[in-house]
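Below is one structure, written out as structure tokens, with a few remarks after it.
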Number of protein chains: 2
Amino acid sequence: MASELDPRKKKILKVITDDYIVSAEPVGSRTIARRYDLGLSPATIRNEMADLEEGGYLEQPHTSAGRIPSDQGYRYYVDALMSLQQLSEKEIERIHQELDRHRQQLESIIHQTSKLLVQMTRYPSLVLSPHSEDAVFRHIQLVRLSDTAILALVVTDSGHVENKVIEFEGGISDAELDRISLILNEKLRGIRLKDLRSSLLSEIRSELIAHQDFYNEAIQLLTRVIGTTGTKERVYIDGATKILEQPEFSELHKFKPLMDALDEEERLYKLLSENIGGTFVKIGSENKSLGLSGCSIVTASYEIAGRTVGVIGVLGPTRMDYAKVLPIVENTAAILSELLTQMSRRCSK
Amino acid sequence: MASELDPRKKKILKVITDDYIVSAEPVGSRTIARRYDLGLSPATIRNEMADLEEGGYLEQPHTSAGRIPSDQGYRYYVDALMSLQQLSEKEIERIHQELDRHRQQLESIIHQTSKLLVQMTRYPSLVLSPHSEDAVFRHIQLVRLSDTAILALVVTDSGHVENKVIEFEGGISDAELDRISLILNEKLRGIRLKDLRSSLLSEIRSELIAHQDFYNEAIQLLTRVIGTTGTKERVYIDGATKILEQPEFSELHKFKPLMDALDEEERLYKLLSENIGGTFVKIGSENKSLGLSGCSIVTASYEIAGRTVGVIGVLGPTRMDYAKVLPIVENTAAILSELLTQMSRRCSK
DNA sequence: GATTAGCACTCGCCTAGCGAGAGTGCTAAC
DNA sequence: GTTAGCACTCTCGCTAGGCGAGTGCTAATC
């Protein structure tokens with residue numbers, strides 16, 4: 001697997017990939033000679049193509065069809081060949097605008113982001129919502145709903161709000177509730193939700209023991225809030241049906257497994273969470289994870305104040321327009337990061 | 001359009017529909033005579049079928065294929081012929097269990113409900129989440145996040161919580177915040193969100209004028225909370241790809257419009273919101289709304305304490321197994337109503 | 001030695017043609 | 001009113017043949 005190809009082979013591989021990405025048809029030597037001005041005859045190109053196939057960069061669906069890039073070919077293309085399509089000012093502006101319109105609410109922004117990706121790329125989009133384990137506790141608020149029901153609200157530094165109705169047999173007075181709130185806020189401010197589980201719990205427990213009267217109830221309450229916070233990570237998927245627009249999906253049955261995968265949140269979650277931190281392109285068989293051969297995903301992480309909190313990306317056939325998609329995904333992630341960071345600043349100032 | 005068919009015609013229409021629902025193939029006279037014990041010869045059945053076609057209940061895809069039910073035929077079938085499949089104890093139990101497991105959170109229950117419908121019917125499910133305009137205001141809470149950002153939480157009697165981060169240039173003191181909370185809670189308790197918009201606003205406005213000092217800020221805050229509350233209604237769709245399992249979708253291109261419709265929340269919203277209150281079966285062309293010819297939807301409303309708050313349903317080809325789906329949807333809605341009503345009781349007791 | 005032209009060959013795809021099967025409508029007999 | 005029989009129609013699947021695209025090889029050319 002010679003990792004360096006001579007310039008002409010590179011050029012030819014690039015041209016074949018470019019062409020195949022838009023046409024979805026195996027591309028032949030003649031087509032290349034005609035369509036692209038390489039100053040080479042079909043015969044020469046044929047020879048080069050034979051070499052590239054030898055090297056594992058190209059494949060023939062059957063004798064005497066044209067060639068198509070193999071997974072390895074795509075990999076090389078993505079890593080070394082493609083010329084990233086610059087997003088125009090206008091496109092970047094659009095991302096800004098669309099996201100800005102919904103700047104108020106986290107949920108809404110996430111949702112909007114995935115919709116935007118779908119529109120810009122014409123591929124289904126995946127969004128892994130803020131990874132709340134990494135979020136930092138900011139504020140807890142306990143609101144009485146009735147004698148036995150209490151609404152607990154946890155606000156994180158990303159502005160995310162989690163709410164949970166807790167039923168409470170024992171009954172708690174308003175004064176007790178306030179004191180519990182106070183203690184919790186004092187103790188928990190600035191702590192990452194991840195670190196919350198056990199270590200601090202005992203400390204708070206002893207703190208509360210001082211107020212013998214509601215020890216039991218308070219501990220109960222606390223463990224229940226913590227136990228159910230931070231589990232709300234979600235994978236949003238949007239435009240799933242866009243994948244059907246791709247010509248390779250005309251034989252539907254082949255892609256049943258893919259469609260099933262899209263319906264299963266856990267798989268997607270796993271898939272995305274492997275890609276936390278940075279930008280990733282995973283091609284075809286590189287997604288061993290279930291049913292996704294024949295597909296590629298392009299993902300980028302987004303962050304709040306430098307801390308990665310989630311992943312966005314799009315899903316498409318291996319014949320995906322990487323040169324176009326990659327910048328879109330990256331820019332969107334960047335702008336999203338910016339926006340979220342601003343939001344967070346505002347909240348914590 | 002004679003609204004009454006003679007018993008034998010009914011029987012034949014029913015048998016044809018039943019058969020077509022499972023086979024998805026046009027059904028012929030001979031098949032019926034063989035498969036169902038009607039004591040009639042194919043020829044007789046042919047005559048009856050000709051009559052039924054005359055009456056608009058059956059259609060022929062082409063000469064000398066079998067017959068398939070027309071939309072009108074389905075309508076008659078649903079209204080008069082089909083024998084509803086009783087759900088077994090076990091199935092009802094299952095609905096209870098699945099929903100119970102997630103009884104704590106509204107969002108989660110809604111989500112779970114739609115998943116459940118998909119699993120039980122093998123069709124995509126649609127859920128219109130609680131119609132918050134009909135919800136009753138219970139409590140508002142203002143939480144300071146920073147000098148300029150305030151988190152407003154509105155709790156409704158269904159236990160639904162809406163949150164909104166509000167930015168606030170002017171700056172407000174904690175005391176002011178508390179007083180605003182107080183006044184709002186006093187004034188708004190028990191009011192339906194729908195009635196909130198204008199009528200009460202002026203009253204509250206005059207109330208606040210008394211406290212000249214923060215008049216402007218308070219009004220601003222209030223209008224912003226109200227303006228953005230109650231807009232969070234959502235259509236959940238789940239298992240969209242299940243529709244592809246239906247044989248009629250093998251020619252994919254025909255159903256592109258449908259798939260598109262599934263991606264557009266507004267359309268679905270409109271579609272579902274037409275069906276508020278009770279159980280509906282809309283067949284084929286009865287869904288004039290965009291791209292849904294060839295499809296039927298079965299919906300049922302669910303309620304909290306007798307007040308309709310949302311709609312659940314499934315979407316399938318006109319050749320849908322109504323007899324099976326209808327009870328499932330109805331029962332699920334009923335159980336969901338029960339569960340939500342309980343939750344609401346607990347909150348308001 | 002690299003490049004190119006020419007040519008025979010291979011293979012998938014499209015079309016036409018054919019036969020089988022399923023289903024119908026009509027007619028005539030029961 | 002019901003049924004048997006029959007001719008007719010239409011779809012579907014299969015096969016064969018022609019076409020086109022593309023290849024690999026060889027020999028000629030630069």
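Here the structure is a predicted model, which means the values were calculated and not measured. Residue numbers start from 1 in every chain, and the chains themselves are labelled A, B, ... in the order their sequence lines are given, proteins ahead of strands.
For the pair A/Arg35 CZ and D/dG22 P, the computed distance is 9 Å after rounding to whole Å. In this structure, the CD1 atom of A/Ile12 is 13 Å from the C1' atom of C/dA2, given to the nearest Å. When the P atom of C/dA2 is taken as reference, atom CG of A/Asp51 falls 11 Å away, rounded to whole Å. A straight line from CG of B/Asp6 to P of D/dG1 spans 11 Å, rounded to a whole angstrom. Residue B/Leu52 contributes atom CG, which lies 12 Å from atom P of C/dG25 at whole-angstrom precision. Atom pair A/Glu48:CD and C/dA2:C1' shows a separation of 10 Å (rounding to whole Å applied). In this entry the distance linking CE of B/Met49 with C1' of C/dT24 reads 9 Å, nearest Å. As rounded to whole Å, 9 Å separates atom P of C/dA2 from atom CZ of A/Arg8.
Within the 3.5 Å criterion, the main-chain N or O of B/Ser125 finds no donor-acceptor partner in the side chain of B/Ser114. Judged by distance alone, with hydrogens and angles left aside, the side-chain atoms of A/Thr121 form a donor-acceptor pair with the main-chain N or O of A/Leu117 at under 3.5 Å.
Salt-bridge check for A/Arg8 with A/Glu48: passed, with a basic side-chain N closer than 4.0 Å to an acidic carboxylate O. With respect to the salt-bridge test (charged N to carboxylate O, under 4.0 angstrom), the residues A/Glu274 and A/Lys282 qualify. In this structure, A/Asp18 pairs ionically with A/Lys14, as a charged nitrogen and a carboxylate oxygen lie closer than 4.0 Å.
Checked by atom type, the side-chain pair A/Ser285/A/Asp71 shows a donor-acceptor distance below 3.5 Å. Judged by distance alone, the side chains of B/Ser296 and B/Tyr322 do bring a donor and an acceptor atom under 3.5 Å apart. Side-chain N/O atoms of A/Tyr36 and A/Asp19 include a donor and acceptor closer than 3.5 Å.
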Strictly under 3.5 Å: I want the nitrogen or oxygen pairs between protein and nucleotides 25-29 of chain D, one per line.
none

Atom pairs, N/O to N/O, protein against nucleotides 7-15 of chain D, distance under 3.5 Å?
{"from": "D/dT9", "atom 1": "O2", "to": "B/Ser64", "atom 2": "OG", "distance (Å)": "2.9"}

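At D/dT3, none of the side-chain N or O atoms of B/Arg30 fall inside 4.0 Å of OP1 or OP2 (strictly under the cut-off). Note on B/Arg67: a side-chain N or O is less than 4.0 Å away from OP1 or OP2 of C/dT24. Listed pair B/Thr44 / D/dG1 fails the phosphate criterion, with no side-chain N or O lying under 4.0 Å from OP1 or OP2.
Residues B/Ser41 and A/Arg34 both approach DNA chain D. Their nearest nucleotides, taken by heavy-atom distance, put B/Ser41 toward the 5′ side.
Picking from C/dG23, D/dG24, C/dG25 the nucleotide with the shortest atom distance to the side chain of B/Thr31 gives C/dG23.
A/Thr299 approaches A/Val311 most closely through the heavy-atom pair CB-CG1, 3.8 Å.
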